[in-house]
Amino acid sequence: MKVLKKFDGALTGAAIALSLTAASVGTAAADTIKVGVLHSLSGSMAISETTLKDTMLMLVEQQNAKGGLLGKQLEAVVVDPASDWPLFAEKARELIEVEEVAAIFGSWTSVSRKSVLPVLEELNGLMFYPVQYEGEESSKNIFYTGAAPNQQAIPAVEYLRDELGVERWALLGTDYVYPRTTNKILAAWLADNGVAEEDIMINYTPFGHSDWQSIVSDVKAFGSEGKKTAVVSTINGDANVPFYKELGNQGISADDIPVVAFSVGEEELSGIDTAPLVGHLAAWNYFMSVDSEANDDFIDAWLEFIGDEDRVTNDPMEAHYIGFNMWVKAVEVAGTTDTDAVVDAILGVSVPNLSGGYSAMMPNHHITKPVLIGEVQDDGQFDIVWETPGLVPGDAWSDFLPGSKDLISDWRAPLSCGNFNVVSGSCGGGS
Amino acid sequence: MMNVRGGTLPPVFFQRLWRAVLLGLAVCFSPVQAADLPDALQSALEDLAGRDKVLRLEAVERIANSGTEESEALLQVILSGELYHWKPEDRFVRGEKDGRKFILYALEDGAELATVGRREAKKVSINNTLRGAVKSALATLDLIAPDPAKRLAGVRAQFAALAVPVERIDALLESESDTAVRDSLVTLRAMTLVSDETASGEPLMTAIAALGNSTEPGALTPLKGRFERSDDDAEKSALSSAIKAFESRQARFGMVKQVFFGLSLGSILVLAAIGLAITFGVMGVINMAHGELIMLGAYTTWAMQQLLPGQPGVALLLAIPMGFMVSASVGMVMERFAISKLYGRPLETLLLTFGFSLILQQAVRTFISARNVAVSNPSWMSGSLELHPMLSLTMNRVVIMFFCLAVFAVLWWVMQRTRFGLQLRAVTQHREMARCVGVRSRRIDTLTFGLGAGLAGLAGVALSQLGNVGPNLGQAWIVDSFLVVVFGGVGNLWGTLIGGLGIGVATKLIEPWSGAVLAKVLLLVAVILFIQRRPRGLFPPSGRSAGDN
Amino acid sequence: MSAANRRPVSRSGGERSLDTSHGTVLYLEGLSVSFDGFKAINDLSLYINDGELRCVIGPNGAGKTTLMDIVTGKTRPDEGEAWFGQTLDLLRLDEAAIANAGIGRKFQQPTVFTELTVAENLELAMAGNRNVLSVLRAKLSGEQRDLIASTLERIGLVALRDMNASTLSHGQKQWLEIGMLLMQQPRLLLVDEPATGMTHQEMAQTGELLCSLAGDHSVVVVEHDMDFVRSLDSPVTVLHQGSVLAEGSLDAIQSDPLVRSVYLGE
Amino acid sequence: MNRYLSAVLADRMGVVLLTVLLVSAVWVPIASLVLPASHPLHMGSYSVALWGKYLCFGLLALSLDMVWGKLGILSLGHGVFFGLGGYVMGMYLMRQVGDRGVYGDPILPDFMVFLNWDELPWYWFGFDHAWIAFPLILIVPGLLAYVFGALAFRSRVTGVYLSIITQAMTYAVMLAFFRNELGFGGNNGLTGFFDILGYDLREDVTRAALFSATALSLAGCYVLCRCLFATRLGLLCTAVRDAESRVRFLGYRTDRVKLSVFVLSAAIAGLAGALYVPQVGIINPGEFSPLNSIEIVIWVALGGRGTLWGAVVGAVVVNVAKTQFTGWLPEGWLFMLGGLFVLTTLYLPRGLAMLVPKRVSGS
């Protein structure tokens, strides 16, 4: 029985000790400002997100080289939520509560952001979200530096219609919320613009779909009926390579049926044999091939930081660049990293983006960006073939969805509401 | 037109000649001089570099019709995306990318001008529409190219626009001697006629009938278009019967295609599963690292292509033995140092191999890259194999299908006809007895596991030609692989082959009406129910011992 | 014969009222079964009388074990009939139902539950309601404890009562399985090679036990060991290539020229 | 009762586990609510939620050990029951949101509004009432287990065949739940919860209460399992595990034995899922992924299969290791985790339970 007691004690002791280790770490350093980096370094999303972690480390290093922030050095706290959505919430809680970070830069998928959101709102944390998404959200605690649908999807479709004379549309997507919502918005937009129902084909495939034979063959048939046809692709990550390969092998070239993609960027192309993709399109707010001083500087710094001449830059990296600089500027204005003060100070803050202009944070926590259309080149870069004349402000609530067309977001006092219903005049979306 | 087959004059001569004739211009044979671009081209290029889309489109036409000698070469430069604006000199040049630098050449004589950084050279980009215009301008030139294949492509390129006048086609037909080109020209003529609103009477009826019997996929469009617009009853009935004939032929080929799609998917499943059929099916190791062994094969292909830049085909062929060996050696190391300690405790192999799977995955992430790597397809694995104008099969899938059958055949031979195969079967059937007759069972175990792992490597080499090569590659295949092996019957190679092909074909037959997501769900449910009917798979292992537990 | 064998425990559920009005407990008629083209049983007919002790002998591959498999529901014949008593069609029942109807079996390879103790093995085999809820609620009554104790005594494993069955020797496992058969209190016992791995003395005990069971129970013994068969002094059925070759007393069988030619190779 | 009590007490490590659970069920609320934040033993919401999650996983591991360790059914699809329990809880929590969603629709959850659903699908009705939803936490996974088990066990699908079709089942359910048409929020799943039984999920009190509920559920289920396996049915399970066909010849319907324990196990897994969701704040189809289910098997194997308490310890150890490793070595933790699995199998074939000397464990 003696042994037994020892065990009992040891186990309880171990349990308590473990539960406290996390707590004791956080209290150590107070002379730095901590920045949380919440990107998956393992699991299915590591392919995309690892780069963003490196981007953040670079930005933090650059800022420190410039003398830090508010006289303190910045310290990046990197955690790995491992592409596991509940883990995003847990790690966000750890970052805010235990590590006491001033802001989090992170998330890629919508579901990871949705998972983190309640934690941010509960603990009044701050997060900058750098990826294009389906919109329909505006939280006090999140800043959306990626594109909303009106900053990517709609201009792209406009371009196809006006510049390439496309009349038939195949909307292909992976079966999850972003493609579903984007396609809903696009279908509504196309219908408003007089496209008949039989000229729209919608198809969804599972994550990581690798067998595109039948679908590509259907698209080919769909496109061979005389009218100029284009594919609008919201196909996610891993499924893209086999899709484009099949397209090329079945003899569909970009002149016949151009594909415009919203989730294929330089980073994705760097893992692809680009030969079958040449001439296909992507819509983003930034391309590595953008011709500007700021971009050249950024690329130089990135290549030096990562120590690999073959690496590329992409849109979400620019989003972090913009987001980080906005945060820095807001903290400088506010003189503190306190969430409420920063949230107030950041509205209207305008910082250079990499395409030669300035992006501003708007009251709905989205930013203004130019929209660019690029064609894939055989070197994995995009050739910019079109861009919006000015900046497009991000729209949190789409005008093309019945549920959200009456909603606006404005975090300025006195409204201070992310989902204000202009019909009923009340905050909370209800009518 | 004369047919140039291995002609005595250099083809370039003919090209130049015919192009000059086409453009209706005097031909200048004098050597190209280092001179400025003709003004017409210079101004067209300035428009092309501008932003006005109408002007840009016109600029292409102006270049094509400029009649200058440089126009074709210039169009090629534009098409290949090598046209640059050299900013400091304000001059249009051809640029080649060299790392992060650009080497600039003069458009006029190809002389190398300078090597500049990104900031000095601005690419004159063209978009889809412009590329189409350039291609169609070049294709028109191809119509009278000396090479029949080129002429054929030139004719086919006209199917979409139908911009060549009938008289012109007739003239071409007169001088054409190649049957394939003639057939295409006839189709083109019929398509042009049918879509010509003013055509009528006998020629039109003949054209409609010709399209009805045509095998050209694009033939349906003009028929349908005219059917919608037409108000002549006789014309309408002719059109509708032509459409019907065409569509029924199309449907027949569609069915064949669907089955091919299924067999192709199936052969990939078989390839992915066949290694597991050895490690799991024959040896009983619940090998969760199977996916990662596949991944290693794919990375080997990538590595070979890195070692042999510019030779993707050779690299791919070399990757077949290399991929086998890399995965096999990793597998044998795993077996020798870990799995061998666990025989008789099959469930624990699950834990062990899962550990290995995590380690291998992270190793690739750490030592190569967390991102996907690019594996290119050699030319003989891109494009399609045209069996019939209405039935073309993609090359990579055809090759992989044969590869799968070859792998299976070799494996079958090894298992049935070699001494190693005999010993392997002896050990798995009765270890003690095999030992008694002098089989070194430990060694056979290691080799067998190596064989299974090596087969996974081969699957990886094949999969690298179809999709992503990245750290997650293996995970995408592990569930399907286990399913195929179990569905076919554990321990039965034929079961794996038939099971894999069966699942592939079934998926492709369900997919058209259910969609890809639901097809997969339905198929999983079907396999679950099938296992209820036949609890030991398609080909149950036979023998007394099989009946226990 | 000891008291323990006279069904001291009333059977719960009363499901075992077997109609043996014609005096026959097991009818097998025209059975055939083949595996992958090999005819293991070929048009076999066999009748076992109520309370009879019968030996079945035959060379390897004669179909002895397959016969037992058919009776206990493990194997379904391709054709033929198998009835237990007048009314129970064995071909319609699964293993559990057949066991519950009163047919017990001892396997050629003794099969006991190695992770359970000897007593627990017997407890599981003990006759009683087999449905899940009853098993969940089941508790050993004093009477049942006595039954287990007396059976342990009969099979000579009293001292090993709380040992894991995995620790038993081959012969002890044979005994344990016979004990389980006794606990099951079947109407018909199918005993496959009970003497294997036993000493001469044990063999004699086994023979005695089996003989004592006959009368109240019907017993079918499959055996190779001719001495053991002789000791049972019961009618013998000879199987050859899946059918009945001869039936009769051992002496009559041994003098049958046909049997001698196939069985003894003469 | 006597026999059950002695069965529980006989396993000393189990007693240790129970003690720890009961103590922590009382201690954690004190540490997080009563002790001031500056106190060294204070537990923040992060730690409470974290340990709550570990215990949910412990409960899940326990449910798997019931069928794998005790009955020999290696389920590679136990995540499906966990996930379904989680979804039932998620649906209840979603309906509790009411008109506080971003669109302010009093009935429809946000994801339905923005995908233009007109009305609540029939299978969502009733989930606003706890008295309907909570029993379903056990019933829904139990029902799936019943249907699946009834088919599989009757057809005598065993061994690896059974394992692989359980895997196929969870894979199929995952793909189905990814579909937005199914009406469970697709890839995003269900999230953005406000309160449970009227208590705000963001309050420390609620969190502490959920933790205690989890600890007590785990303790309760452990005792339940111990008692169950102390009955004759427990003996029967062991017999089925070791020689199923022999059991049939004794007259037992082994399919029903397996089915009943499998259903019970599924219900416990569902309970674990239901406790998990309010503590982590999200449920999505990722929980159904085959890899998650394999991980559960790993926990049990690592802790010590068949010991019940070992499964719980395994789940907690692996997850604590994950949390710690991801913190220390965000880019190399998979090496450590993978290495842990490899070394354990090689040197501790019966799991961590082997480390406990027999005379201590008492079993």
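Scope of the values below: all heavy atoms of this structure, side chains included, with no hydrogens, waters or symmetry mates. All chains are named by letter (A, B, ...) in the order of the sequence lines, taking the proteins before the strands, and each is independently numbered beginning at 1.
- Put simply, the side chain of B:Leu265 reaches to within 4.5 Å of the side chain of A:Gln213, judged on heavy atoms.
- Pairs engaging residues 231-257 of chain A under the ring-ring contact (aromatic ring centres under 6.0 Å, His included) rule: A:Trp212-A:Phe243, A:Tyr244-A:His280 [sequence neighbours left out].
- Taking both residues in full, the closest heavy atoms of A:Ala46 and B:Arg365 are given as CB-NE, 3.9 Å, listed atom of the first, atom of the second, then distance.
- With sequence neighbours excluded, the residues forming a salt bridge (charged side-chain N to carboxylate O under 4.0 Å, His left out) with B:Glu96 are B:Arg94, listed by chain and number.
- For a residue to count as touching a neighbouring chain, one of its non-hydrogen atoms must lie under 4.5 Å from one of that chain's; by this rule A:Glu268 does not touch chain B.
- For A:Gln250, the side chain to side chain donor-acceptor pair (under 3.5 Å) criterion is met by A:Glu246, not counting sequence neighbours.
- Neither the backbone nor the side chain of B:Leu220 comes within contact range of chain A; no heavy atoms are under 4.5 Å apart.
- Using a 4.5 Å cut-off between heavy atoms, A:Ser48 does not touch chain B at all.
- When the candidates A:Val385, A:Asp296, A:Thr205 are compared by the number of heavy-atom contacts under 4.5 Å with chain B, A:Asp296 comes out ahead.
- The distance from atom OG of B:Ser369 to atom CG of A:Asp310, rounded to the nearest 0.5 Å, is 11.5 Å.
- A pairwise comparison of heavy atoms in B:Asn468 and A:Pro242 identifies ND2-CD, 4.0 Å as the closest pair.
- Ranked by heavy-atom pairs shorter than 4.5 Å toward chain B, the options A:Ala254, A:Ser210, A:Ala221 are led by A:Ala254.
- Of all heavy-atom pairs spanning B:Ala374 and A:Ser270, the tightest one is CB-O, 4.0 Å.
- Put simply, the side chain of A:Lys245 does not reach to within 4.5 Å of the side chain of B:Met381, judged on heavy atoms.
- Contacts between A:Phe382 and chain B at a heavy-atom distance below 4.5 Å are absent for every atom of the residue.
- Residues of residues 472-480 of chain B lying within less than 4.5 angstrom of chain A, judged on heavy atoms, are B:Asn472, B:Trp477 in numerical order.
- Ion pairing of B:Lys508 with A:Asp211 is present here, as a side-chain N (NZ or NE/NH1/NH2) and a carboxylate O approach within less than 4.0 Å.
- Contact annotation for B:Gln361: neither backbone nor side-chain heavy atoms come within less than 4.5 Å of a heavy atom of chain A.
- Here CG of B:Leu130 is found 11.0 Å from CG of A:Asp255. Values are rounded to the nearest 0.5 Å.
- Residue contact with chain A, scored on non-hydrogen atoms closer than 4.5 Å, is absent for B:Thr366.
- More than 12 non-hydrogen atoms from other residues, nucleotides or ligands lie less than 6.0 angstrom from CD of B:Gln306.
- Per-residue heavy-atom pair counts under 4.5 Å with chain A were compared for B:Ser382, B:Ala519, B:Gly470, B:Pro512, and the maximum is reached by B:Ser382.
- The most heavy-atom pairs under 4.5 Å with chain A, out of B:Leu57, B:Asn396, B:Leu463, come from B:Asn396.
- If you tally non-hydrogen atom pairs under 4.5 Å between each of B:Ser392, B:Ser264, B:Pro471 and chain A, the highest count goes to B:Ser264.
- Residue A:Ser253 holds its OG atom at 9.0 Å from CZ of B:Arg131, rounded to the nearest 0.5 Å.
- Heavy atoms closer than 4.5 Å to chain B are found in the side chain of A:Gln381, but not in its backbone.
- Among B:Lys520, B:Gln465, B:Lys123, B:Arg397, the residue with the largest count of heavy-atom pairs under 4.5 Å with chain A is B:Arg397.
- B:Ala516 approaches A:Pro206 most closely through the heavy-atom pair CB-CD, 3.9 Å.
- The contact between A:Ser42 and chain B is made by backbone and side chain atoms together, counting heavy-atom distances below 4.5 Å.
- Counting heavy-atom pairs under 4.5 Å between each of A:Asp300, A:Thr51, A:Leu281 and chain B puts A:Asp300 at the top.
- Ranked by heavy-atom pairs shorter than 4.5 Å toward chain B, the options A:Lys228, A:Lys227, A:Gln377, A:Lys220 are led by A:Gln377.
- The structure places NZ of B:Lys87 at 4.0 Å from CG of A:Asp291, a figure rounded to the nearest 0.5 Å.
- In this structure, chain A has heavy atoms under 4.5 Å from both the backbone and the side chain of B:Val517.
- If you tally non-hydrogen atom pairs under 4.5 Å between each of A:Ile299, A:Leu164, A:Thr274, A:Leu303 and chain B, the highest count goes to A:Leu164.
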